[in-house]
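To start, the structure under review is shown below, and the notes come after it.
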Amino acid sequence: MNLIILGAPGSGKGTSATVLREKYSLAHISTGDIFRSNIKNGTPLGVEAKSYIDKGALVPDSLTVSMVEDRLSQDDCQKGYILDGFPRTLAQAEALDEMLAKKGDKIDAVLSIVVDDEIIKDRVSGRRVCEKCGASFNVKFKPTKVEGVCDLCGGKVVQRADDNEETVANRLKTYYENTKPLIDFYEKKGLIVEGDNGKDSDTCISQIEDGLKAKSLI
Ligand code: AMP
């Protein structure tokens, strides 16, 4: 089963993707995570991507598409995957269709995570992530037991550089301008499955699973 998960920054798409990855043994491909790991390791891709990411802008399609194509060719993707944070533009969606068609592959469903903007701003400004294992916390909604220390692995828990108020406003604007049209694009293909993540993630996951069952994917 090949899935895409779409949602505004802070909608909880990463968390939902992690639950689905574990439950259905999918490879979890987060373009944001791949960029962050390249930035941390100081690769040429990381150096180029950083200038865009720090402003809350999108990394150019050419760089992003070839990075995803390379990732999808790896062994762990052959049994199914969940794309998290990609595609983010119509050009990326079209490039994805092309690269999958070449392999005789396709996307089976597109999960659209819906949340109110006000909730999103709160969630993103309070979000903290573990530098070591990537686990996500929130100072207001899901604090760590010990401040600054990951409950799961004991790693250092920090605020992402692009989670400040100004960058979040930019990221939301970018999302509405570029990514929202993707929902229409996939709606026309009959691929959208919606999950409301305004209350709790269990409700969202069960709505998604109902949608996947309706498509006989699980
Ligand atoms: P995320 O972790 O998904 O919120 O992504 C963090 C940042 O990485 C975004 O604000 C963009 O600057 C960049 N990024 C991630 N995925 C993409 C993509 N598909 N296209 C362009 N830029 C991306």
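In what follows, every heavy atom counts, from backbone to side chain, and hydrogens, waters and symmetry copies are set aside. Just so it is clear, the structure is predicted and the values come from calculations on it, not from any experiment. Ligands are counted one by one from 1 in listed order, and the atoms in each one are counted from 1 as well.
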Report summary line: ligand 1 atoms nearer than 4.0 angstrom to some heavy atom of Arg160 are 1 (P), 2 (O), 4 (O), 6 (C)

Query raised in the report: So, are Asp76 and Arg71 salt-bridged, with charged N and O less than 4.0 Å apart?
Result: yes

Query raised in the report: In terms of residue, atom name and distance, what is the protein heavy atom nearest to atom 20 (N) of ligand 1?
Result: Gln92 NE2, 2.9 Å

Query - Nitrogen or oxygen of Asp162 less than 3.5 angstrom from that of ligand 1 - result: no

Report task. Mind running side chain to side chain contact (heavy atoms under 4.5 Å, CB included) on Leu90 and Leu182 for me, showing each step along the way? Result -> CA-CA 6 Å; Leu90 271 179; Leu182 289 180; 3.9 Å; yes

Query raised in the report: Between Asn170 and Thr167, is any side-chain donor less than 3.5 angstrom from a side-chain acceptor?
Result: no

Query raised in the report: Which atoms of ligand 1 are found less than 4.0 Å from any heavy atom of Arg36?
Result: 2 (O), 6 (C)

**Report entry** Check: Thr64/Asp61 side-chain N/O donor and acceptor closer than 3.5 Å
**Finding:** no

Query raised in the report: Looking only at protein heavy atoms, which one is nearest to atom 22 (N) of ligand 1, and how far off is it?
Result: Val59 N, 3.0 Å

Report summary line: re atom 23 (C) of ligand 1, the protein heavy-atom contact at minimum distance is Phe35 CE1, 3.7 Å

Query raised in the report: Any link between Tyr175 and Phe86 through a network of hydrophobic side chains (Ile, Leu, Val, Met, Phe, Trp, Tyr) touching at under 4.5 Å?
Result: yes

Report task. Would you mind checking if Asp116 and Lys121 are paired as a salt bridge, meaning a charged N to carboxylate O distance below 4.0 Å? Result -> no

Query - No-hydrogen, no-angle side-chain donor-acceptor test under 3.5 Å, Tyr81 and Gln74 - result: no

**Report entry** Atoms in ligand 1 flagged as close to Arg171, the criterion being non-hydrogen separation under 4.0 Å
**Finding:** 4 (O), 10 (O)

Query raised in the report: Taking the six-membered ring of Tyr52, is the NZ or CZ of Lys55 close enough (under 6.0 Å from the centre) and on axis enough (within 45°)?
Result: yes

Requested in this report: Would you mind listing which atoms of ligand 1 come within a distance below 4.0 Å of any non-hydrogen atom of Thr64?
Outcome: 18 (C), 19 (N), 20 (N), 21 (C)

Query raised in the report: Going through the distances and angles, do Tyr24 and Met1 end up as a side chain to side chain contact (heavy atoms under 4.5 Å, CB included)?
Result: CA-CA 9 Å; Tyr24 300 102; Met1 172 166 72; 4.1 Å; yes

Query raised in the report: So is Lys13 in contact with ligand 1, going by heavy-atom distances below 4.0 Å?
Result: yes

Report summary line: atom 11 (C) of ligand 1 has as its nearest protein heavy atom Ala57 O, 3.5 Å

Query raised in the report: Which of the atoms of ligand 1 are close to Thr31, meaning less than 4.0 Å from one of its heavy atoms?
Result: 15 (C), 16 (N), 17 (C), 19 (N)

Report task. List the closest protein heavy-atom neighbour of atom 19 (N) of ligand 1: residue, atom name, distance to the nearest 0.1 Å. Result -> Gly85 O, 2.8 Å

Report summary line: In this structure, atom 15 (C) of ligand 1 is nearest to the protein heavy atom Arg88 NH1, 3.2 Å

